[in-house]
Amino acid sequence: MNNISILGKDCCGCTACEQICPKNCIAFKENNEGFMYPVIDESVCVNCGACVKHCPVLNPLFAQRTPTVYAAKYRDSRATAESTSGGIFIPIAQSTLDNGGIVYGCSYDENLVARHISVENKNELFKLQGSKYVQSDISKIYSRIKADLDSDRYVLFSGTGCQVAGLRSFLGREYEKLTTVDIVCHGVPSPKLFAKYLDYLGKKYGEPVKYYNFRSKKRHGWGLFYELETDKKSKGGNGFDDPYYNAFLNGKTYREGCYNCRFANCNRQGDITLADFWGIEYINPKFYSKNGVSLVLINTAKGNRLWKSLENCIDSTESTLEQAVKMNKNLSAPSSRPDCRNCIYDGIDGNFDEYVTQKLYVKPDLKRKIKAVLPVSFKGKIKHMLKK
Ligand SMILES: Cc1cc2nc3c(=O)[nH]c(=O)nc-3n(C[C@H](O)[C@H](O)[C@H](O)COP(=O)(O)OP(=O)(O)OC[C@H]3O[C@@H](n4cnc5c(N)ncnc54)[C@H](O)[C@@H]3O)c2cc1C
């Protein structure tokens with residue numbers, strides 16, 4: 001068999017195969033966990049092998065890249081407050097728009113479904129800000145990007161490593177006007193699980209959830225804090241106390257392929273890689289900011305040119321790959337697959353209240369709660385004393 005069926009559960013869901021198929025015989029269908037996988041209409045398939053050739057998991061394109069590493073903060077503190085880490089994505093996107101380009105990234109739709117969209121206006125960039133901890137629907141975006149590039153437009157694409165790899169495999173060649181930004185990624189839960197969880201929260205609060213921010217800085221600054229809103233209520237807290245978020249942070253609900261991710265290493269897919277610079281308070285306390293610090297990996301000459309053009313709006317300090325990897329596990333290996341992953345999605349279609357209690361239940365953890373409210377400087381001192 002010379003088609004994508006050979007991939008099985010290692011599929012990352014990028015949809016490159018569907019978009020490249022000359023016979024249009026591949027469609028992505030939801031499995032019982034709520035992840036999308038390719039299904040082939042064998043009666044139409046001619047076994048041309050295009051889907052296998054352009055699959056980023058079966059045929060990953062790796063160039064040996066040694067990144068330059070920075071800790072960085074966007075100087076616009078209001079914009080950074082709405083971003084996940086140091087807000088670096090925004091000036092990168094703005095520079096593309098300044099060149100008359102188009103920016104592709106992940107946004108929530110009106111039902112809080114994460115989808116990749118295009119943005120051509122600076123006033124709409126806010127839609128792409130913030131990490132959505134769920135697999136984003138990439139739809140037919142790669143074909144649209146190819147059309148933009150073929151009509152000589154500048155394009156910025158941002159997404160997880162596998163989504164950037166999918167785009168590169170789909171295009172099959174380099175384009176000077178394409179810049180890619182990949183984010184360091186733990187793994188992604190299923191859109192169905194997130195939708196059901198939002199529905200559950202809506203029932204719990206008596207009205208639909210209209211806003212869910214996984215990385216809100218509103219109450220406690222930069223960290224793993226969520227904020228949700230209904231029409232009348234708002235609630236925020238530590239991500240570890242929220243059942244869906246806790247399961248995500250503990251790696252219980254990821255797509256199967258994420259535990260075997262080919263892109264969780266330092267040989268990155270994007271021209272630029274963005275992440276949180278966890279641990280900056282210990283490495284370089286003066287550079288720490290409660291508003292967030294980004295880890296930036298400049299992987300290519302193109303990425304470097306763009307980076308240098310942002311000098312006037314970014315504060316940065318050079319770091320090392322060693323330090324970056326120490327604090328960011330997914331830069332060296334995929335997340336570990338816990339045993340409970342075998343049955344974490346069992347029961348998702350039944351009584352969801354019971355599902356939350358039985359599968360996503362969070363045990364109260366007093367030690368963590370105390371740790372979360374201690375100031376960073378105090379935590380640094382304790383860590384320093386313990387090291388002695
Ligand atoms: C699922 C997921 C897992 C992550 N895991 C890690 C990790 O292990 N370690 C770490 O340091 N950082 C991780 N990050 C990245 C980090 O949280 C920030 O996105 C990154 O630091 C960029 O932040 P920023 O402040 O520059 O900009 P932001 O404004 O936060 O940038 C948002 C960018 O993220 C993209 N994005 C948001 N949600 C998704 C999504 N669901 N799928 C694809 N792209 C998305 C947008 O397109 C946009 O480009 C993860 C992000 C996601 C979405």
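When a ligand or atom number is given, it counts from 1 through the structure's own listing order.
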Taking distance alone, with no angle check, do S158 and ligand 1 share an N/O pair under 3.5 Å? yes

Does the side chain of Y197 reach to within under 4.5 Å of the side chain of P243, using non-hydrogen atoms? yes

Heavy-atom nearest option to atom 8 (O) of ligand 1, drawn from R215, Q135, H186: H186

Hey, which of F194, F240, F214 is the one that makes ring pair (Phe, Tyr, Trp, His ring centres under 6.0 Å) with Y245? F214

Side-chain donor or acceptor of Y345 paired with backbone N/O of S190 under 3.5 Å: yes

Ligand 1 to Q163, heavy atom cutoff 4.0 Å, flagged ligand atoms 42 (N), 43 (C)

Tell me, with the steps shown, if Y133 and Y226 meet ring pair (Phe, Tyr, Trp, His ring centres under 6.0 Å). CA-CA 11 Å; Y133 290 150; Y226 70 92; over 10 Å; no

Aromatic rings Y254 and H186: how do their planes relate, parallel, tilted or perpendicular, breaks at 30° and 60°? tilted

Part of K329 with heavy atoms under 4.0 Å of ligand 1, whether side chain, backbone, both or neither: neither

Pick whichever of F89, Y254, Y108 has a heavy atom sitting closest to atom 26 (O) of ligand 1. F89

Is any side-chain heavy atom of V69 less than 4.5 Å from a side-chain heavy atom of V296? no

With heavy atoms under 4.0 Å as the rule, classify the contact between N328 and ligand 1 as side chain, backbone, both or neither. side chain

Lys/Arg cation over aromatic F287: K73, 6.0 Å, 45° cone: yes

Option set L331, T273, L274, criterion heavy-atom distance to atom 22 (C) of ligand 1, minimum: L274

Going by the order shown, which atoms of ligand 1 are within less than 4.0 Å of some heavy atom of G159? 43 (C), 44 (N)

Would V188 count as being in polar contact with ligand 1, using the rule that some N or O on each side must be under 3.5 angstrom apart? no

Side chain, backbone, both or neither: the part of C106 lying under 4.0 Å from ligand 1 by heavy atom: both

For ligand 1, indicate whether the residue V184 contacts it via side chain, backbone, both or neither (heavy-atom separation under 4.0 Å). both

Please check whether D276 reaches ligand 1 - meaning an N/O of the residue sits under 3.5 Å from an N/O of the ligand, judged on distance alone. yes

Counting neighbours of NZ on K233 that are heavy atoms of other residues, nucleotides or ligands and sit closer than 6.0 Å, is the number greater than 12? yes

Short version for I183: what comes under 4.0 Å of ligand 1, heavy atoms counted, is side chain

Sub-4.0 Å atoms of ligand 1 with respect to non-hydrogen atoms of G86: 25 (O)

Which of K359, R255, R341 passes salt bridge (charged side-chain N to carboxylate O under 4.0 Å, His left out) with E33? It is R341

Which of the ligand 1 atoms, numbered from 1, are nearer than 4.0 Å to a heavy atom of I88: 26 (O)

